[in-house]
Amino acid sequence: MLRNNTPVPKLWRLVGVGVSTFALLLTFGAQPALAKKKHLPAQMHHCGDTITQSFRLLNDLTCTNSDGLDITGSKIRIDLGGHRITGDASPGSAGLRLAGPLKVSKKVSVTNGTITDFDLGVVLGDVRQATISHLTVTGGTTGIAAFGPGTGKHKIIANTITRTAGPAISTFFIGRVQVSGNTIAAGAVGMRIEASTRVSVVKNHVASTSGDGIDVVGSASTLVESNHVEGAEGTGIDVDQRPPDPPGTPDAVPSVATKVSKNLVRASGADGIAVAHSPRTTLGANAAVGSELDGIDVSSSDGSVLDGNTASGNFVAGIHLAADAVGASLVANHANNNGANGIEAAAGSRPVIERNTTNENGFLNGIETNDNFGIAAPDGRAAKRRKNSANGNDVLNDFQQCNNSDLCTALASPESHPAALITCNSSITGDTTVANPAQCLSGNAITVTASDATIGFGNERIRGGAGFPSAALLVNGSGTSVTIKGGVFADSGIGIAVDQTTGTTISGAVAVNDSVTGMQLTRDTQTTVTKSSVLGPSGAGITIGGSGDAVQSSFAAAATNVGIGIFGTGTQDKIEHNIAIGNANGLGIRSGASTFSNHATIASNRSSANSNDGIFLIDSSDNALTANNVVGNGCSPALGSCNFTGAGEGISLAGDFVGSSTGASSSNTLTSNVVTANMGDGVGIWALGGANALDKNTITANAGDGAHAHEHSADDSFTSNAFSQNGYEGLQVEDGDLPAPLVAHNRADYNGFLNGSDGVGLGLDAPPDVDATGNSAGFNDDPNDCSPITIC
């Protein structure tokens, strides 16, 4: 929530309605196997039929002013055989209605079909122990609804639910419901657990909701665990009371004993996780990243426990406790790189605060106020041992990183190097511990020309000249093996510049609000940037122009060009284990004029919520992209928040000018990446590329094609990939030059539904001469599934 009238810039507003704002969705590995078809009698049915026995459906149904099927039997199995049941959105209509009498209808399972455009996709009413699995439900008000009275013992497992006007999954006045492994996208609310008891919501994927991702309302003993909630326009996970019913009655019903654990919540339009009017809520090991308000917000909820959570890159506070959230316990949480305070507890809340880490907070909102703390808790209490750490936060007094000094241990003792008081435009030639800040109006603030030296900046803030090429810190000359530790380098043309050196290491540094580039590595070799942050540069975050350089375990946000990029003719560079969020582009490689070969590695990074591409390669070959998570990139120009002109792809392989006769990206390998919920194609291979290999990637729920190889991209190979739930084709390969692409052992399911039109989405779409074997496809929006059919 906002406090002190702090403006929150909307560097990424990713969510809205439908494909034009489709955002963040992650995929957890393999789905459970579909129900076996054998032993079920095959039958044809009509709209509104009452079902009392097991069967396998043999036909599609198109229903007007009626339910699809009403199921009243007991101990029966229904396999919809992959068929579609379509309604006309008549009020109160249901695609599948499982209903009483309560003592008769039980142990019913339904699987393997598509329910489209009913008011209620699936209704679980007076029935016990129903299992609903592997259905695709689209349109209507509610996807799957389970309501009481009493105990349901239902299982809602591995369904795909999109474009609902209300909750995709809803429980009301019911108990013991298991909701797991479902995929939810582009609806109003992901899940609403209301007035229910002992509902478990586990390992679901919720993306691009125009409201909240998961709501727990007036319920008891709810478990919300290991879900991925991304791109909710409202709150990612919201735990709150149920208003008085009927209105005007005196008491609301709180949610009690809720456990929220191990969830990943990213790029929420409000708070990442919010708890209100819900005593004894436990929040453990969650990650709230990139929310437009607080990462975690707790109010009107006594006795809450926050243990082991991570809140990073949120635009206001990492963790906020309101004054009426009394007696909370905050232990071993990490609140880093947030726009305001890391941990903020209002006076009166009196929380226990122990063993938390709060670094580099106060910069992300683009306004350097010098009054944001690592921990701001005037009446916070340390428990047995305080052991909180707070470093590099945006406070003028570097020795007061917490506004309650009892909470924070003293800053680490200076290293055993000479302490130095530096002046503007000074030079460092040996081991040094910098003991004061510097604010310089022109030129380089500090130049390092040492060899085999360690320079420690602690929490000191260094400012150089604002215009290029002035740097707050320049490591320059023929020196070797220089280590830079800590420091905040701000408001300069370049935060840190490394030029013509070998073996430089930059560790734990922060570059913020620089006018051109946060960190620039040029004509160097074997420079390593690790555990550092670049926030809000006017150009690029970190740029690599040398050979053998590495950027590892670092954070890049709000750059107006690219978060971390390799530019020029260097080779053997590495970008590994980083987070790039809210930039124009996340990660990228662009070769120099004299070579198209980088031989770089981009591995195990998260690139999400960037307004254009998640990862781009331009005129760049022989690179390896491995095990990256590329999620929710791109935006719609209609939102007015795009730094570039349009959609944005997850991974883009292109020449210098797309569609021209010059430049290409070829012979790159993309292996085991997760590419999901991007505004354009998941992977786009543009003209004149060739011999690129995609192997074992999971490409899911992108608004365009899963992967698209454009005309004259020859000799590419696509093997053992999973293409599912993409807006158009799972894989589209256009006619190109010989040799023809290889398309083998891929799986393509449920593609073609997210674009709002029917009959246009194939699983695999390739020219007739493609080299194909071992592919499979099913349940795509085009009844042929593949073109040519022989490919599958």
Side-chain angles (χ1 to χ4, degrees), residues 359-360 391-392 398-399 401 410-465 468-512 514 517-534 542-554:
N359 297 327
E360 300 155 15
N391 295 289
D398 290 333
F399 293 90
Q401 291 283 298
L411 292 176
S413 300
E415 300 179 49
S416 57
H417 303 312
L421 295 174
I422 58 170
T423 58
C424 282
N425 314 120
S426 61
S427 180
I428 296 176
T429 59
D431 292 336
T432 304
T433 298
V434 175
N436 64 291
Q439 182 167 358
C440 306
L441 299 179
S442 64
N444 302 314
I446 299 173
T447 300
V448 175
T449 58
S451 291
D452 299 312
T454 298
I455 296 94
F457 285 88
N459 300 312
E460 302 298 349
R461 184 175 288 103
I462 310 298
R463 295 178 173 90
F468 182 83
S470 296
L473 175 65
L474 171 62
V475 183
N476 185 40
S478 59
T480 61
S481 303
V482 173
T483 299
I484 306 297
K485 299 179 68 173
V488 177
F489 304 90
D491 302 318
S492 304
I494 304 169
I496 300 176
V498 180
D499 189 13
Q500 302 184 69
T501 67
T502 300
T504 300
T505 299
I506 300 170
S507 177
V510 181
V512 57
D514 295 298
T517 303
M519 299 184 188
Q520 178 174 294
L521 317 180
T522 308
R523 297 180 295 177
D524 63 310
T525 57
Q526 298 178 344
T527 298
T528 299
V529 177
T530 182
K531 297 181 180 177
S532 295
S533 300
V534 178
I542 301 174
T543 63
I544 299 172
S547 296
D549 294 334
V551 180
Q552 300 169 329
S553 303
S554 294

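Just so you know, residue 1 is the first one in the sequence shown, and it goes up from there.
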Exercise for review: Please confirm whether the backbone N or O of Ser451 pairs with a side-chain atom of Ser481, one donor and one acceptor, at under 3.5 Å?
Suggested key: no
Revision key, fill the gap. Only residue of Asn391, Ile462, Val512 satisfying side chain to side chain contact (heavy atoms under 4.5 Å, CB included) with Val488 is Val512
Check your understanding: How many angstroms lie between CG in Leu421 and CG in Asn436, if you round to the nearest 0.5 Å?
Key -> 5.0 Å
**Study point:** Between CG on residue Asp491 and SG on residue Cys440, distance to nearest 0.5 Å
**Key:** 12.0 Å
Exercise for review: Go through the structure and list residues passing side chain to side chain contact (heavy atoms under 4.5 Å, CB included) with Ala509, not counting sequence neighbours.
Suggested key: Phe489, Ile496, Ile506, Met519, Ser532
Check your understanding: How far apart are the closest heavy atoms of Gly465 and Ser470, and which atoms are they?
Key -> O-CB, 3.4 Å
Point to revise | Asn359: side chain to side chain donor-acceptor pair (under 3.5 Å) partners, not counting sequence neighbours | key: none
Exercise for review: Measure the OG1-CD1 distance between Thr527 and Ile484 for me, rounded to the nearest 0.5 Å.
Suggested key: 10.5 Å
Point to revise | From Ser507 atom OG to Gln552 atom CD, the distance as rounded to the nearest 0.5 Å | key: 11.0 Å
Review point. Looking at Ala453 and Asp431, what are the two nearest heavy atoms and their distance?
Key: CA-OD1, 3.0 Å
**Study point:** Verdict with supporting geometry, Ile455 and Val475, side chain to side chain contact (heavy atoms under 4.5 Å, CB included)
**Key:** CA-CA 11 Å; Ile455 296 94; Val475 183; over 6 Å; no
Exercise for review: Could you check Thr543, Ile542, Ile544 and say which one makes a side chain to side chain contact (heavy atoms under 4.5 Å, CB included) with Gln520?
Suggested key: Thr543
Practice item. Return each pair, listed once, that meets ring pair (Phe, Tyr, Trp, His ring centres under 6.0 Å) where at least one residue sits in residues 425-448; pairs must be two or more places apart or across chains. Key: none
Point to revise | Shortest non-hydrogen contact from Thr449 toward Ser427 | key: OG1-OG, 3.7 Å
Review point. Where is the tightest heavy-atom contact between Leu474 and Asn476, given as atom of each residue plus distance?
Key: CG-CB, 3.6 Å
Practice item. Give the C-alpha distance, both sets of side-chain angles, the deciding distance and a yes or no for side chain to side chain contact (heavy atoms under 4.5 Å, CB included) between Ile446 and Ile422. Key: CA-CA 8 Å; Ile446 299 173; Ile422 58 170; 2.9 Å; yes
Revision key, fill the gap. Residues at least two apart in sequence or cross-chain that pass side chain to side chain donor-acceptor pair (under 3.5 Å) with Thr525, listed by chain then number, are Thr502
Exercise for review: Go through the structure and list residues passing side chain to side chain contact (heavy atoms under 4.5 Å, CB included) with Asn425, not counting sequence neighbours.
Suggested key: none
Check your understanding: Looking at NZ of Lys485 and OG1 of Thr530, how far apart are the two atoms once the value is rounded to the nearest 0.5 Å?
Key -> 12.0 Å
Study note, to complete from the structure: Looking only at heavy atoms, the pair that brings Val498 and Thr504 closest together is CG1-OG1, 4.0 Å
**Study point:** Gly508 versus Glu360, closest heavy-atom pair with distance
**Key:** O-OE2, 4.0 Å
Review point. If you round to the nearest 0.5 Å, how far is OG of Ser426 from CG of Asn444?
Key: 10.5 Å
Check your understanding: Got a sec, which pairs hit salt bridge (charged side-chain N to carboxylate O under 4.0 Å, His left out) with one end in residues 517-528, sequence neighbours left out?
Key -> Asp499-Arg523
